[in-house]
Amino acid sequence: MYVYSAIISLTSLGLTLGFLLAFAGRYLKVESSPVVDELEALMPGSQCGQCGYPGCRPAAEAVASGDAPVTLCPPGGSALAEQFARILGVEIDLSGIAEPELLVAKVSEETCIGCTRCFKACPTDAIVGAPKQIHSVVADACTACNKCVDVCPTECLQMHPVEITLKNWRWQKPVVNNTLEAAA
Amino acid sequence: MKNWLKSLRIRGGVHAEERKDATLELPIVSSYPVAKKLYIPLQQHIGKAAEPIVKVGDSVLKGQLLAHSQGLISAPVHAPSSGVITDINFYPAPHPSALPIRIIVITTDGKDQWIEHIPVDDPFALEPEEISVRVAEAGIVGLGGATFPSAVKLNLGRQHKIHTLLINGGECEPYLTCDDRLMQERADAIVDGIRIMLHGMEAPIAKIGIENNKPDAIKAMTKACQPYDNIEVVTVPTRYPMGWEKQLIRFMTGKEVPAESRTTDIGIVMHNVATAYAIHRAIRKAEPLVSRIVTVSGNATKRPMNIEVAIGTLISDIFSICLTDKDTTARIVMGGPMMGEALPHSDMPIVKATSGVLALTQDEITVADEQPCIRCASCIQACPVGLLPVDMANLIRSNQLDSAVNTGLKDCISCGSCSYVCPSHIPLVHYFKYASGELVSRQQAQHKSEQTKKLADERSKRLEKIEQEKEEEAARRKAEKEARDRAKAEEGVAV
């Protein structure tokens, strides 16, 4: 007799909880993983595609699901990789990652014909100009995404390294000599 | 016993070879021919650069305002001698990178003629706020090397109701004796400056901390303080970095300044002795800060001295006065050997922050290959902040900057004690300087990426809106056309 009551009560309990879970799964569904949102917020957001994914969002999804390594984003450099690793709880060796070179677009005034193609292509409105007037780049808003370089008919738009001034000059990382590396 | 207990308050530090003998006994040299050209940088302080109010071709007198201060934290710049402005342009900054900085060039006329200035007989009749205003107008910044505008510090002191003004006469860096000589020769003026500061900050008492390797300075200052009950000289042990604000406060008052907070939070403000002297001159004689005392030393200098030099004088001009041998100079250092910075060449001007210029020979500098860390923990014992330099350097070497910050990177004061004691010659401070700079870059990059993301969002919204408007317009036209067609058709039927 006890056996039947046990079977009945456990079955009903299992069914109830199962239905609850099913309802929760349908009505309390989270549209996107919060981890992916968090990762995407950290990424540069210029949708450059250097990682091999069509944009920052798909790349963040791949990192979150473990399909891609945390070091996939070249513009993010080791700073981004370290943040990713912390969020996802992954151990990484950062010593091999190259830091991205800082670039900024510049218009060569001799060859600019004022065709307006570049500022239509710029995703951050960093280029100003008018038809048949020389265009100019607002360096603070330029993300060095290269989109303007691709559309420029006279190749007057080129990427240049960011000019070093007293404001952005930094100490270089000390170079570890080779004998030391070998000893370690 | 009491002294022994007090000495427990000193954390870390090193006892570096002093090497002060060369200039210790020599009086300050203040009469020398002013250089033919003076190069005055517009930024010699923490904060915003000053904005010039003179043009090329203008004649200026000594002490005339050259550039206005900009914003709350900034300082003006004055002409260090009389002459003609010959250029306002970019020249190499006195900085290891020698990158360009905006500089006003004065070709001096040799007369060194002062602009008219009215001395103040009784500074204590002035309102405390007026003291700050005059100190700000005189372009005075912290002359210990930090170059924080002094007027801002005086205002902070007044707002925070501080109970003690501490005066830093530590001068713990090897070679440097400029503060020592200043205290020996001009003690009365310094004490007067301190009294004016007390008045300006509405603070009750002042204490002057002097390292015990300067007995003559202690004697002179004690004598000058005699008439005033509220100013006292405190002898502190000689141990680098005693001149670091928080170390000196801990020793003199027994209080610890919490991490990431200011000294005003515990009711204390600290100024350097040279700043006190500059304030005395600015208030009593109405003379702006146009010169400072600089220690010129190092074995490559044949006539080492303390010299009161016009701001903007090229280091090469000073070297020729002090007979510095170019060929034996292996390294030029601005400031002290521990925290100062190596300069690539000597065609750079003396600025308000320059406490010393050292021409060091090969024998005086250690160039040794880096060896592996032997985990001796010397650096941990030497750190005056109580950090773990060895761990921080390892984290930075493997690019884990966030972890380095958690280990206390932001509290590092780059005093160099760890590098000094390291038996393996690991450039520990270099790692910390690199990491601090890299963190700032990352913050700026983060900020920029947030801003550009916003821009990109706004653009896509705008494009969407334009697209939508176009569609609506097309729909409206279509509807109008249909209406017209229908009307025509109806007309046709009616006819």
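By convention in this document, chain letters (A, B, ...) are assigned in the order of the sequence lines, proteins followed by strands, and residues within each chain are numbered from 1.
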Subject >> Residues forming a side-chain hydrogen bond (donor to acceptor under 3.5 Å, both in side chains) with B:Ser460, sequence neighbours excluded >> reply: none

**OP:** Determine whether more than 12 heavy atoms belonging to other residues, nucleotides or ligands lie under 6.0 Å from atom CD of B:Gln468.
**Re:** no

**OP:** Measure distances from B:Ser436 to the heavy atoms of chain A and classify the residue's part below 4.5 Å as side chain, backbone, both or neither.
**Re:** neither

**OP:** Select, from B:Ala445, B:Ala435, B:Ser97, the one with the greatest count of heavy-atom pairs under 4.5 Å involving chain A.
**Re:** B:Ser97

Original post:
Under a 4.5 Å heavy-atom cut-off, does chain A meet the side chain of B:His430, its backbone, both or neither?
Top reply: both

**OP:** Keeping the roles fixed (side chain from A:Glu82, backbone from B:Leu401), state whether a donor-acceptor pair exists under 3.5 Å.
**Re:** yes

**OP:** Would you mind telling me which of A:Ala41, A:Cys142, A:Pro123, A:Ala85 has the largest number of heavy-atom pairs within less than 4.5 Å of chain B?
**Re:** A:Pro123

Original post:
So what's closer than 4.5 Å to chain A heavy atoms on B:Lys433: side chain, backbone, both or neither?
Top reply: both

**OP:** Start with the C-alpha gap between B:Phe148 and B:His45, add the side-chain angles, then the distance that decides, and say whether ring pair (Phe, Tyr, Trp, His ring centres under 6.0 Å) holds.
**Re:** CA-CA 6 Å; B:Phe148 189 78; B:His45 49 263; over 10 Å; no

Original post:
So, the side chain of B:Glu173 versus the backbone of B:Met338: is there a donor-acceptor pair under 3.5 Å, distance only?
Top reply: yes

Subject >> Segment of B:Gln444 engaging chain A (4.5 angstrom heavy-atom cut-off) >> reply: side chain

Subject >> Polar side chain donor-acceptor pair, B:Ser449 to B:Thr452, under 3.5 angstrom >> reply: no

Original post:
Does any heavy atom of chain A fall under 4.5 Å from the side chain of B:Arg442, the backbone, both, or neither of them?
Top reply: side chain

Subject >> B:Gln446 portion near chain A, given a 4.5 angstrom heavy-atom threshold >> reply: side chain

Subject >> By side-chain hydrogen bond (donor to acceptor under 3.5 Å, both in side chains) - contacts of B:Tyr431 (at least two apart) >> reply: B:Arg397

Original post:
For chain B, which of A:Leu102, A:Leu80, A:Asp140, A:Asn168 has the most heavy-atom pairs under 4.5 Å?
Top reply: A:Asp140

